[in-house]
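When a residue number appears, it is its place in the shown sequence, counting from 1.
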Amino acid sequence: MNPLKKEKQHKREQLLQKGVDPYPHSYHKERSTLWIQNKYQSLSVGESSDDIVISAGRVMRKRDMGKAAFFNIQDQEGEFQCYIKKQDFSDKDKNPSHVNEEKDMPAAESASKVKVDSNVNKVNVETLHSWDIWKLTDIGDIVGIEGQPFRTKKGELSLRVKKLQMLCKTLEPLPEKYHGLEGKELKYRFRHWDLVMDLKSREIFKIRSKIIKEIRTFMDNKGFLEMETPVLQSIYGGAMAVPFKTHHRRLDREMYLKISPEIYLKKLIVGGFEKIYEIGKNFRNEGIDRTHNPEFTMMEYYEAYTDYNDQMKQFEQLICYVTEKIKGGLKFTYQGKPLDFTPPWKRMTVKEAIKTYSEQNTDVDQMDLKSLFEYVRSLEPEVDLKNIETTLRNDKNVSSPEMEDLKDELILMAFELIAEKKLWNPTFIMDFPLAVSPLTKKHRQWKSIHKAGEDTKYYRTVERFEPYIAGMEIGNAYTELNDPVDQRERLTLQEKQRKEEGSSHPVDQNFLHALEVGMPPTGGVGLGIERLVMILTDQASLRDCILFPMLKEKG
């Protein structure tokens, strides 16, 4: 056994033998460390207050000096220095640190209980005063203190302890204070340790909480209502992703964890709600990397009688509002590079971004399917193009609808390989290919048949945008498809394609019924919370913004 751990266990036993419960049921903490700092900051060097302050926290540092000691306690707000001196205590100050449950009982009943030797609530005539308890206190223990504020000769605001109570005798030693937890994996696997040892890590999650709070404030002030949709779904939908599967024993059927709340929220729009949002967990059975985690937090909101142009403006307002609340302005640095959120944000179509950021100003509209296929392969030889390659080999009719769908997929791949990482300052990428946007309304200037010499800017495009910041997509938005006939055709085609690929994704008939009841023109938006937190807390990885990220099994 670790000798430090063995020593901690020995001190625990000593406390119990002396009649002190090292794990009392409660403690009335009145003031935080931050409150004490603010309240008594005006004390001058050597000056003390007659006030008695009651606080509590974890012991993080000890500087023993024989018959006196300085130590720091840490709570949610920060750290504060305390001073304890042996001569301040005597036998008359002896006080057990457990809550004496017998104090309100009749004398005879209480006396009978004192004779009972219980390992749970051991009560003994012998007790310890605060200095004795201090000598059995280690770094990491949680203590309650009562003391008088004063400023030391070195100018540090402190509390002179008049009473100390053990609230939790810890058994696991903390990692070395100044080196913290070595290795990112340890930080993620033992997040409780990380939060104790690294106040910067704790600050990230405090800011995350503030970000979500400010998002809610913005949405509520705009008249949106917060909703909740099912996590367990019999038919998953709302995004192109692989779901997590589970089984409902009572119903004896396969269920899925939601990949998006989109379908349910649209049903609420059909039902008469006009401005709604949800902040919640989504689950996608896909890879883990710097910007992906299988479980993540997302906000989706829908607003009737709007389109993607309206939502670009509103999304910009939302992010700027939150950024100003968190950063104090719209210009700051992320990973050492300047970011400028000042509106209006840049707007580009998918095809314009490819042309702008490719080395040869590539115009994908001027390329046939085979040329585009070879072009994407040249950009990234490792990209998976097996399905498209097989189709090309077996089908020479490159103008068929299925071939057009394949070209749409290649256009999106080209954009992701060429432009995505170069979109640093906030940019809206608009007008995505039809085949990769099955729930989105076709562009209002879209032409169903491409004719020679005709402007191809809006050919097979839909009204969809994705906002990019620091090379990352942080959201997704549509002018929502509300034509039930068009939607049925697209979902039926999607089901057919999935079957050909060896997977199953049945058409959601309940959703189509909702569209047939009638959904007004609607703009819908999704926002990835963790990616926004990454940017506003200057973190390079999503894992540093998720308290308990998904990890491989240890060993």
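The side chain to side chain donor-acceptor pair (under 3.5 Å) test applied to Asp340 returns Thr342, not counting sequence neighbours. In this view, Phe283 satisfies the ring pair (Phe, Tyr, Trp, His ring centres under 6.0 Å) rule with no residue, not counting sequence neighbours.
A 4.5 Å side-chain heavy-atom check between Ile535 and Thr323 finds every atom pair outside the cut-off. The shortest side-chain heavy-atom distance between Arg284 and His292 does not fall under the 4.5 Å cut-off. No side-chain heavy atom of Leu199 sits less than 4.5 Å from a side-chain heavy atom of Glu203. Counting only heavy atoms from C-beta outward, the side chains of Cys82 and Asn72 never approach each other to under 4.5 Å. At a threshold of 4.5 Å between non-hydrogen side-chain atoms, the residues Thr137 and Val59 count as touching. Side-chain contact between Pro467 and Thr427: absent, with no pair of heavy atoms (C-beta onward) separated by less than 4.5 Å. Using a 4.5 Å cut-off on side-chain heavy atoms (C-beta onward), Met255 and Lys245 make no contact. At a threshold of 4.5 Å between non-hydrogen side-chain atoms, the residues Asn476 and Leu527 do not count as touching.
Distance alone, capped at 3.5 Å, is enough to place a donor-acceptor pair between the Arg290 side chain and the Ala540 backbone. Of the possible polar contacts, none joining the Ser48 side chain to the Phe150 backbone as a donor-acceptor pair under 3.5 Å is found. Under the 3.5 Å distance criterion, the side-chain polar atoms of Asp64 are left unmatched by any main-chain donor or acceptor of Gly66. Remark: the backbone N or O of Val53 is not paired with any side-chain donor or acceptor of Arg31 at under 3.5 angstrom. With Glu226 contributing its side chain and Ile276 its backbone, the two residues share no donor-acceptor pair below 3.5 Å.
Here Glu156 does not pair with Arg151 in a salt bridge; the nearest charged N to carboxylate O distance is not below 4.0 Å. Salt bridge status for Asp88 with Arg160: present, with a side-chain N to carboxylate O gap under 4.0 Å. Ion pairing between a basic and an acidic side chain is recognised when a charged N comes within 4.0 Å of a carboxylate O; Lys266 and Glu262 show such pairing. Using a 4.0 Å cut-off between charged nitrogen and carboxylate oxygen, Arg61 and Glu79 count as a salt-bridge pair. At a threshold of 4.0 Å, the pair Asp141-Lys8 counts as salt-bridged, since one of the basic side-chain nitrogens sits closer than that to a carboxylate oxygen.
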Trace of the side chain to side chain donor-acceptor pair (under 3.5 Å) decision for Glu30 with Ser55 = CA-CA 6 Å; Glu30 294 183 351; Ser55 190; over 6 Å; no
Take Leu174 and Val196, measure what side-chain contact (heavy atoms from CB on, under 4.5 Å) needs, and give me the verdict at the end.
-> CA-CA 9 Å; Leu174 294 178; Val196 168; 4.0 Å; yes
Output, in order, the C-alpha distance, side-chain angles, deciding distance and verdict of side chain to side chain donor-acceptor pair (under 3.5 Å) for Gln311 and Gln314.
-> CA-CA 5 Å; Gln311 295 309 328; Gln314 184 156 258; 3.0 Å; yes
Under the side chain to side chain donor-acceptor pair (under 3.5 Å) criterion, do Gln81 and Tyr83 qualify, and how do the steps go?
-> CA-CA 7 Å; Gln81 180 171 277; Tyr83 175 69; over 6 Å; no
Would you please test Thr33 and Gln74 for side-chain contact (heavy atoms from CB on, under 4.5 Å) and show each step?
-> CA-CA 8 Å; Thr33 58; Gln74 175 183 288; over 6 Å; no
For Arg543 and Leu551, what are the C-alpha separation, side-chain angles and deciding distance, and is it a side-chain contact (heavy atoms from CB on, under 4.5 Å)?
-> CA-CA 10 Å; Arg543 291 186 180 190; Leu551 300 171; 3.7 Å; yes
Report the C-alpha separation of Ile215 and Ile529 in whole Å, then their side-chain angles, then the decisive distance to 0.1 Å, and conclude whether the side-chain contact (heavy atoms from CB on, under 4.5 Å) test is met.
-> CA-CA 10 Å; Ile215 289 172; Ile529 300 293; 3.6 Å; yes
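Residue Lys331 qualifies as open at atom NZ: its count of foreign heavy atoms under 6.0 Å is 12 or below. In the displayed structure, Phe273 atom CZ is contacted under 6.0 Å by at most 12 heavy atoms of other residues, nucleotides or ligands. Other residues, nucleotides and ligands contribute over 12 non-hydrogen atoms within 6.0 Å of the NE2 atom of His192. Remark: Lys11 NZ is packed, more than 12 non-hydrogen atoms of other residues, nucleotides or ligands lying under 6.0 Å away. The environment of NZ in Lys62 is crowded: more than 12 heavy-atom neighbours from other residues, nucleotides or ligands sit within 6.0 Å. No more than 12 heavy-atom neighbours from other residues, nucleotides or ligands sit within 6.0 angstrom of NZ on Lys86. Within a 6.0 Å radius of NZ in Lys267, other residues, nucleotides and ligands contribute more than 12 heavy atoms.
Cation-pi geometry between Lys29 and Tyr27 is not satisfied (NZ or CZ under 6.0 Å from the ring centre, within 45° of the ring normal). Cation-pi contact between Lys85 and Trp131: absent, since separation from the ring centre below 6.0 Å together with deviation from the ring axis within 45° is not met.
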Without placing hydrogens or testing angles, list every side-chain donor-acceptor pair under 3.5 Å for residues 227-243, not counting sequence neighbours.
| unit_1 | atom_1 | unit_2 | atom_2 | d |
| --- | --- | --- | --- | --- |
| Thr229 | OG1 | Lys258 | NZ | 3.4 |
| Thr229 | OG1 | Glu278 | OE1 | 2.6 |
| Thr229 | OG1 | Glu278 | OE2 | 3.3 |
| Gln233 | NE2 | Pro230 | O | 3.1 |

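Across all their heavy atoms, Tyr302 and Gly524 have their closest contact at CD2-CA, 3.5 Å. Of all the heavy atoms in Leu136 and Met166, the pair that sits closest is O-CE, 4.1 Å. In this structure, Gln539 and Tyr334 approach most closely via the heavy-atom pair O-OH, 2.7 Å. Looking at every heavy atom in both residues, Lys169 comes nearest to Leu15 through CD-CD1, 4.3 Å. Here the closest heavy-atom approach between residue Met298 and residue Asn282 is recorded as SD-ND2, 3.4 Å.
In this structure, CZ in Arg202 is found 12.5 Å from CD1 in Ile204, a value given to the nearest 0.5 Å.
Remark: the Glu466 side chain and the Tyr468 side chain contain an N/O donor-acceptor pair separated by less than 3.5 Å. Looking only at atom types and distance, the side chain of Thr297 has a donor-acceptor partner in the side chain of Arg208 under 3.5 Å away. Inspection of the Lys206 and Gln76 side chains reveals no N or O donor paired with an N or O acceptor under 3.5 Å. No hydrogens or angles considered: nothing links the side chains of Asp75 and Ser32 as a donor-acceptor pair under 3.5 Å. Looking only at atom types and distance, the side chain of Asp194 has no donor-acceptor partner in the side chain of Tyr188 under 3.5 Å away. No hydrogens or angles considered: a donor-acceptor pair under 3.5 Å links the side chains of Asp538 and Gln335.
Taking the six-membered ring where tryptophan is involved, the planes of Phe190 and Trp193 are tilted, since the angle between them lies from 30° to 60°. Aromatic ring orientation, Phe465 versus Phe428: perpendicular (interplanar angle above 60°, classes split at 30° and 60°). Using bins of under 30°, 30° to 60° and over 60° for the plane-to-plane angle, the ring pair Phe218/Tyr321 lands in the tilted bin. Using a 30° and 60° split on the angle between ring planes, Tyr301 and Phe224 fall in the perpendicular class, above 60°.
With ring centers used as reference points, Trp134 lies 6.0 Å or more from Phe89.
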